[in-house]
2 protein chains.
Amino acid sequence: MATKHYDIKTFRSSESIGYLLKRAQARMQDVAESVFAPHDMSFVQWIAMLKLSEGQAQTASDLCRAMCHDNGAVTRMLDTLEERGFVSRQRSQQDRRVVELTLTATGAAQVEALKPKLIDELNLLLTDFSAAEFSELTRLLDKLYQALDARHSAARQGVN
Amino acid sequence: MATKHYDIKTFRSSESIGYLLKRAQARMQDVAESVFAPHDMSFVQWIAMLKLSEGQAQTASDLCRAMCHDNGAVTRMLDTLEERGFVSRQRSQQDRRVVELTLTATGAAQVEALKPKLIDELNLLLTDFSAAEFSELTRLLDKLYQALDARHSAARQGVN
DNA sequence: ATACAATGTCTGCCCAAGCAAACATTGCAT
DNA sequence: ATGCAATGTTTGCTTGGGCAGACATTGTAT
């Protein structure tokens with residue numbers, strides 16, 4: 001039997017991973033938005049462009065999966081990024097359902113221009129974290145996501 | 001000089017705390033909602049009631065701060081919780097700006113009824129986490145929040 | 001006493017995210 | 001070849017959060 005991390009007798013909201021995640025993410029969102037807002041750009045928009053620039057995503061679906069973002073929201077986000085000349089769309093020849101996304105030169109420049117601003121902010125934020133703490137937090141967040149993702153996929157198939 | 005966890009040369013989205021947090025939180029949200037949805041209850045609603053039941057919050061403002069949630073959203077959430085008889089509001093005598101919140105018996109019962117469901121789900125989710133990993137993740141998430149909160153307060157005062 | 005800043009609650013408005021449906025395309029099974 | 005499930009993209013609709021302002025109340029400085 002696996003370790004029971006939570007017990008009904010002792011459970012407190014302040015120890016719940018769900019609550020801790022929500023709270024931290026909400027604040028992080030604020031901080032990130034404050035970095036990008038002066039450049040008329042949202043956190044998700046920038047992350048999407050970053051994913052494209054890293055080659056981690058080529059299509060809208062890739063972005064949805066990578067960012068856990070809504071389909072429709074991504075379509076509309078791409079609309080505005082395209083309008084602003086940061087991203088271009090081109091119907092794929094191999095699979096005509098797919099629209100291939102590419103960063104324009106302007107878009108790539110925008111990504112690079114904002115990267116140091118975000119990095120500075122993150123480093124400032126993590127001042128009190130040792131290298132070990134930082135890498136452990138990174139690792140555990142990724143591990144948690146993998147577990148959540150597995151659970152999520154299972155749920156979609158009605159497994160319990 | 002503090003440790004520079006991120007460097008512009010090597011920065012990758014998949015290591016960014018902001019991205020990792022957003023992704024994990026989005027999935028966690030899904031999982032939590034799937035627990036509460038059958039009972040016509042949202043994750044935030046339940047957390048709010050839990051906070052009340054733990055005595056961690058007495059007023060709407062307390063809930064806002066504790067949960068990093070919007071003022072207006074909390075007001076409206078309390079409207080529906082009150083309608084459903086889970087929460088009652090009463091104007092404070094000491095400070096007549098304040099509305100004191102109390103869980104009704106029905107509300108308390110609802111919190112208790114759903115607690116084991118959430119706990120089971122969380123334990124299942126964290127099966128592959130050792131006790132050490134679990135407590136370290138909890139600690140680091142809290143530490144991160146403290147740092148974010150300090151940064152957030154500083155920003156509100158225009159400090160850089 | 002009075003003015004003013006800070007706090008708590010509530011409301012109206014706007015916008016982005018979530019949901020569901022539509023449509024096109026592809027791969028697979030028969 | 002044909003039907004069908006799966007995938008990718010888009011759109012309309014609904015819902016809830018974020019923001020700004022209104023209002024009441026309190027504490028504080030003058």
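Note on naming: letters A, B, ... go to the chains in the order of the sequence lines (proteins, then strands), and numbering restarts at 1 for each one.
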Taken to the nearest whole Å, CZ/F43(B) to C1'/dG16(D) is 16 Å
Once you apply a heavy-atom cut-off of 4.0 Å, does D95(A) come out as touching a base, just sugar-phosphate, or nothing? sugar-phosphate
How long is the line joining CD of Q58(A) and P of dT9(D), in whole Å? 11 Å
If only side-chain N and O atoms of R97(A) are considered, is one of them under 4.0 Å from the OP1 or OP2 phosphate oxygen of dA24(C)? no
Consider the side chain of D79(B), meaning its heavy atoms from C-beta on, and name the nucleotide among dT10(D), dG8(C), dT11(C) that approaches it most closely. dT11(C)
D70(B) CG to dC13(C) P, in whole Å, measures 16 Å
Below 4.0 Å: OP1/OP2 of dG16(D) and any side-chain N or O of S42(B): no
Identify whether the distance between the nearest side-chain nitrogen and carboxylate oxygen of K4(A) and D7(A) falls below 4.0 Å. no
Base dG8(D) paired with R89(A) side chain (donor-acceptor, <3.5 Å): no
Whole-Å gap separating C1' (dA17(C)) and CE (M77(A)): 12 Å
Please answer: with hydrophobic residues joined when any side-chain heavy atoms are less than 4.5 Å apart, are I8(A) and F36(B) in the same cluster? yes
Are the charged groups of K143(B) and D128(A) less than 4.0 angstrom apart, N to O? no
Separation of atom CG in N71(A) from atom P in dA21(C), rounded to whole Å: 15 Å
For the base of dG27(D), is there a side-chain donor-acceptor partner from R96(B) under 3.5 Å away? no
Toward the 5' end of DNA chain D, by each residue's nearest nucleotide, R91(A) or R76(A): R91(A)
Could you state the CE-P distance from M67(A) to dA16(C), rounded to the nearest angstrom? 14 Å
Do E136(A) and R139(A) meet the salt-bridge criterion of a basic N to acidic O distance under 4.0 Å? yes
Minimum heavy-atom distance L148(A)-A24(B), with the two atoms named: CD1-O, 3.5 Å
If I take atom CG in residue D62(B) and atom P in nucleotide dG8(C), what distance separates them, rounded to the nearest angstrom? 8 Å
Below the 4.0 Å mark, does dG8(D) have OP1 or OP2 next to a side-chain nitrogen or oxygen of R65(A)? yes
Does T75(B) have a side-chain nitrogen or oxygen under 4.0 Å from the phosphate oxygens OP1 or OP2 of dT11(C)? no
Rounded to whole angstrom units, what separation is found between the CD atom of Q29(A) and the C1' atom of dA17(C)? 12 Å
